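Scroll down for the structure; my scribbles are underneath it.
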Amino acid sequence: MKSTAVSEFENIKNLCHDDMQAVNQLILDRLKSDVALVNQLGLYIIGAGGKRLRPILAVLSARALGYEGRAHHLLAAIVEFIHTATLLHDDVVDESQMRRGQETANAMFGNQASVLVGDYLYTRAFQMMVELDRAKVMRVFSDTTNVIAEGEVRQLMHVNNPDVTELDYMKVIHAKTGVLFAAATGLAAEIAGYSEQFDALYAYGLHLGQAFQLADDALDYISDSDTLGKNVGDDLAEGKPTLPLIYAQQKGTEAQRHLIRQAIQNGGRENLGDVLNVIEATGAITYTIEK
């Protein structure tokens with residue numbers, strides 16, 4: 001199944017190969033700074049791999065509407081800069097040591113550099129938005145980055161809290177993941193001159209982004225570091241009550257609920273094996289994937 005999914009994604013990427021070559025070059029060009037550390041760290045995080053899923057969605061959405069210009073390249077690069085900035089900040093907050101199978105930027109360069117270069121990427125993205133000279137682009141991206149920040153704060157407040165509900169969790173993934181996907185697809189309609197399609201493409205991106213995060217949170221308990229690019233159980237170690245844990249706690253026995261609550265409150269991996277057993281016994285992964 002995994003090889004089939006990889007093959008399908010390669011087919012999707014082939015649809016926009018030339019567009020993404022242009023986007024990647026634009027990203028490299030706009031990363032340049034007179035400050036050596038900005039260049040060094042920026043190139044490290046941009047070159048660390050990743051699927052470029054959000055910019056791919058931006059260019060595919062524009063092409064789906066028959067767009068033949070080049071402004072969608074700028075849109076896609078802006079989306080990737082915002083996404084990368086959030087990763088830099090997230091890894092500092094989460095004290096993460098590995099992402100995409102290699103050391104995080106904060107592990108390599110330190111927290112201060114990661115936060116400041118993240119700020120640089122945010123501000124560079126807003127400079128690029130001005131170039132598009134469209135009020136709706138500025139408004140949507142301004143709202144989007146604000147909602148992302150709120151989502152990250154909301155998630156921080158949920159850390160080590162076993163009483164987080166499924167609704168609480170869905171609000172977090174709507175904010176931290178869904179809205180940037182939505183901006184990528186919705187604004188492609190604006191760039192392509194099809195403003196009347198904005199709402200439909202925005203909704204598509206929003207749902208796809210949330211589905212992406214649900215799948216990622218499920219994989220945290222069933223994948224491996226080579227596939228996922230992080231260690232199994234990282235969310236548990238950080239005390240994050242994602243949907244597999246929330247559902248397992250709801251459906252488990254009294255003893256299983258107590259185990260999950262303690263694991264969320266304490267964080268760490270000491271009881272990871274037992275937690276995985278409860279997740280499997282309650283069908284939490286199946287529920288999350290179906291969601």
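As the structure is a computational prediction, the values presented were derived from the model and not from experiment.
- Annotation: side chain of Lys291 is in contact with side chain of Met170 (closest heavy-atom distance under 4.5 Å).
- Heavy atoms from other residues, nucleotides or ligands lying under 6.0 Å from CD of Gln112 number 12 at most.
- By the 4.0 Å N-to-carboxylate-O rule, Lys171 lies too far from Glu166 to be salt-bridged with it.
- The closest side-chain donor-acceptor pair between Tyr169 and Asp217 falls under 3.5 angstrom.
- Under the 4.5 Å side-chain criterion, counting only non-hydrogen atoms from C-beta, Lys240 is not in contact with Asp234.
- Here the options are Lys51, Arg52, Arg54, the test is salt bridge (charged side-chain N to carboxylate O under 4.0 Å, His left out), and the partner is Glu80; only Arg52 passes.
- His73 places no side-chain N or O within donor-acceptor distance of the main-chain N or O of Ala22, the cut-off being under 3.5 Å.
- Proximity of Asp220 to Thr242: side-chain heavy atoms (C-beta onward) are nowhere separated by under 4.5 Å.
- Contact record, Ala189 with Leu201: CB-CD1, 3.8 Å, taken as the closest heavy-atom pair.
- Atoms CD1 and CG, from Ile285 and Leu276 in turn, are 8.5 Å apart once rounded to the nearest 0.5 Å.
- Residue Tyr67 qualifies as enclosed at atom OH: its count of foreign heavy atoms under 6.0 Å is above 12.
- Placement of Ile27 and Leu180 within a single hydrophobic cluster is found when ILVMFWY residues are connected by side-chain heavy-atom separations under 4.5 Å, directly or transitively.
- Between Gly209 and Thr177, the shortest heavy-atom contact is O-CG2, 3.3 Å.
- For Gln25 and Asp29, the side-chain atoms include at least one donor-acceptor pair closer than 3.5 Å.
- Arg124 and Tyr120 are linked by a side-chain donor-acceptor pair at a separation below 3.5 angstrom, with hydrogens and angles left out of the test.
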* **Test log, rule side chain to side chain contact (heavy atoms under 4.5 Å, CB included), inputs Glu270 and Leu236** => CA-CA 10 Å; Glu270 289 76 12; Leu236 177 67; over 6 Å; no
* Pair Val137-Ile191, side chain to side chain contact (heavy atoms under 4.5 Å, CB included): steps then yes or no -> CA-CA 9 Å; Val137 170; Ile191 294 298; 4.3 Å; yes
* To do: Would you check, one step at a time, whether the test ring-ring contact (aromatic ring centres under 6.0 Å, His included) holds for Phe126 with Phe141?
  => CA-CA 8 Å; Phe126 275 89; Phe141 272 131; 7.5 Å; no
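- Annotation: Lys136, atom NZ; neighbour count of heavy atoms from other residues, nucleotides and ligands within 6.0 Å is above 12.
- Residue Arg269 qualifies as enclosed at atom CZ: its count of foreign heavy atoms under 6.0 Å is above 12.
- The side chain to side chain contact (heavy atoms under 4.5 Å, CB included) test with His72 singles out one residue from Leu65, Asp19, Leu187, and that residue is Asp19.
- Hydrophobic clustering (ILVMFWY, side-chain heavy atoms < 4.5 Å, transitive): Val140 and Tyr194 are in distinct clusters.
- Side-chain atoms of Ile222 and Leu219, non-hydrogen and from C-beta on, do get closer than 4.5 Å to each other.
- Between Cys16 and Leu60, the shortest heavy-atom contact is CB-CD2, 3.9 Å.
- The two residues Val79 and Pro55 come nearest to each other via the heavy atoms CG1-N, 4.3 Å.
- Closest non-hydrogen pair, Gln249 versus Pro162, comes out as NE2-O, 3.0 Å.
- For CE of Met138, the number of neighbouring non-hydrogen atoms (other residues, nucleotides, ligands) closer than 6.0 Å is greater than 12.
- The closest side-chain donor-acceptor pair between Asp168 and Thr165 falls under 3.5 angstrom.
- Rounding to the nearest 0.5 angstrom, the gap separating the CG atom in Leu26 from the CG atom in Leu75 is 11.0 Å.
- Leu116 is not connected to Tyr122 by any chain of hydrophobic side-chain contacts under 4.5 Å among Ile, Leu, Val, Met, Phe, Trp and Tyr, and they are in different clusters.
- Between Leu259 and the choices Thr253, Asn277, Asn271, the side chain to side chain contact (heavy atoms under 4.5 Å, CB included) rule is met once, by Asn271.
- Classified by interplanar angle (parallel below 30°, tilted 30° to 60°, perpendicular above 60°), the ring pair Tyr287/Tyr247 is parallel.
- Closest approach of Ala183 and Thr144 over heavy atoms only: CB-OG1, 3.8 Å.
- Applying the side chain to side chain donor-acceptor pair (under 3.5 Å) test between Lys176 and each of Gln155, Gln210, Glu150, Glu152 identifies Gln155 as the sole match.
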